[in-house]
Amino acid sequence: MKLFSKSQKTNHHLLAVCDGEAVSLEAVPDEAFSSGMLGEGYAIVPKDGTILAPADGVIESVSDSRHAYAISSEIGDLLVHIGIDSVKLPDAFEPLVGKSESVSAGQPIARANLAKLRAAGINTIIPVLITDRRAAGEVKIKCGPVRGGKDTALIIEK
Amino acid sequence: MQSFNHTLNCVGGLHARPAGVIVNAAKQFSSDILIRKLSAEGAKEADAKRLISLMSLGARKGETITFYINGPDEAAAAEKLLAVCRETVG
């Protein structure tokens, strides 16, 4: 019993991927995210365009359009999706990591030009999804103002 | 084994939303479902039940992906996925 007690109490965390306001996925104005079809998670209304890794892991892919970052982590597969319909504006993004690169929680993975996105009429909200979860437990979102790379936005409680 | 091709006609190719539609359809079946994309750099393969695997194919509009379905419900899975590709993914 004692052998297991430590791991059973270990909660998993996802950090805020930037400064801003953490909200639930239901607040994302795109059904693909708000319905939970793509996975559980949280979203951030960003104040700052430096986007950070929410957890330790390995970059599985950076989309051609440079707005979506897939990370394989201990928690499961993670997807950081910057903006809604931002697939149309790849020039607004600068990836700071590449495929197969290891990243640490809080490490910058991309720069997003939020002003450019807004000027093009694109909603800059950032869904952070667990598309395939490996860590068991109850998912809890911490809504409210968050500091990127410092504050926890999602906890998986054992 | 069931197999079919689909040429992508969706703007932005196989990004999060269309990939999610395929994953959700694929997860309804117990068969193994593999998607393969041929390109100048060679063949890439993805697990159709794993979103980030599908997205890492980087399949663009105009490119053709091939589904390979293997398992007890392969015929039903092929029928469903073909319909999803034509009607929803584009």
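Residue numbers begin at 1 in each chain, while the letters A, B, ... track the order of the sequences. None of the values given here were measured: they were computed from a predicted structure. Below, each value reflects all heavy atoms present in this structure, side chains not excepted, and no hydrogens, waters or symmetry copies.
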* **Distance, nearest 0.5 Å, that separates CG of B:L14 from OG of A:S63** => 11.5 Å
* Asked: Is B:V21 linked to B:I33 within one hydrophobic cluster, defined over Ile, Leu, Val, Met, Phe, Trp and Tyr using a side-chain heavy-atom separation of less than 4.5 Å?
  -> yes
* Is it true that A:D30 and B:R17 have a side-chain N and a carboxylate O under 4.0 angstrom from each other? -> yes
* Given a strict heavy-atom distance threshold of 4.5 Å, which part of A:L129 is in contact with chain B: side chain, backbone, both, or neither? -> neither
* Give the cluster check for A:V80 versus A:I44: same hydrophobic cluster or not, with ILVMFWY residues linked at side-chain heavy-atom distances below 4.5 Å. => yes
* Asked: So with a 6.0 Å cut-off around CD of B:E45, is the heavy-atom count from everything else above 12?
  -> yes
* Report, as yes or no, whether the 6.0 Å neighbourhood of atom CD on A:E74 holds more than 12 heavy atoms from other residues, nucleotides or ligands. => no
* Hey, quick one: are A:I82 and A:I109 part of the same hydrophobic cluster, counting side-chain heavy atoms closer than 4.5 Å, chains of contacts allowed? -> yes
* **Single-linkage hydrophobic cluster, 4.5 Å side-chain cutoff, B:L82 and B:I65 together** => yes
* Structure fact -> Of all heavy-atom pairs linking A:L79 and B:A16, the shortest is CD2-CB, 4.3 Å
* **Interatomic distance, B:S56 atom OG to A:K99 atom NZ [nearest 0.5 angstrom]** => 5.0 Å
* Quick one: are A:V87 and B:V11 in side-chain contact, heavy atoms under 4.5 Å? -> no
* To do: Please say whether more than 12 non-hydrogen atoms of neighbouring residues, nucleotides or ligands are located less than 6.0 Å from CZ in B:R86.
  => no
* Asked: Do B:M55 and B:L8 sit in the same hydrophobic cluster, where Ile, Leu, Val, Met, Phe, Trp and Tyr count as joined when their side-chain heavy atoms come under 4.5 Å apart?
  -> yes
* **Straight-line distance of B:I52 CD1 to A:L78 CG, nearest 0.5 Å** => 7.5 Å
* Asked: Which bit of A:D132 is near chain B, if near means a heavy-atom gap under 4.5 Å: side chain, backbone, both or neither?
  -> side chain
* chain B heavy atoms under 4.5 Å from A:T131: which part of the residue, side chain, backbone, both or neither? -> both
* Structure fact -> When rounded to the nearest 0.5 Å, the distance separating NZ of A:K88 from NE2 of B:H15 is 9.5 Å
* Side-chain contact, heavy-atom cut-off 4.5 Å: A:D77 with B:L51? -> no
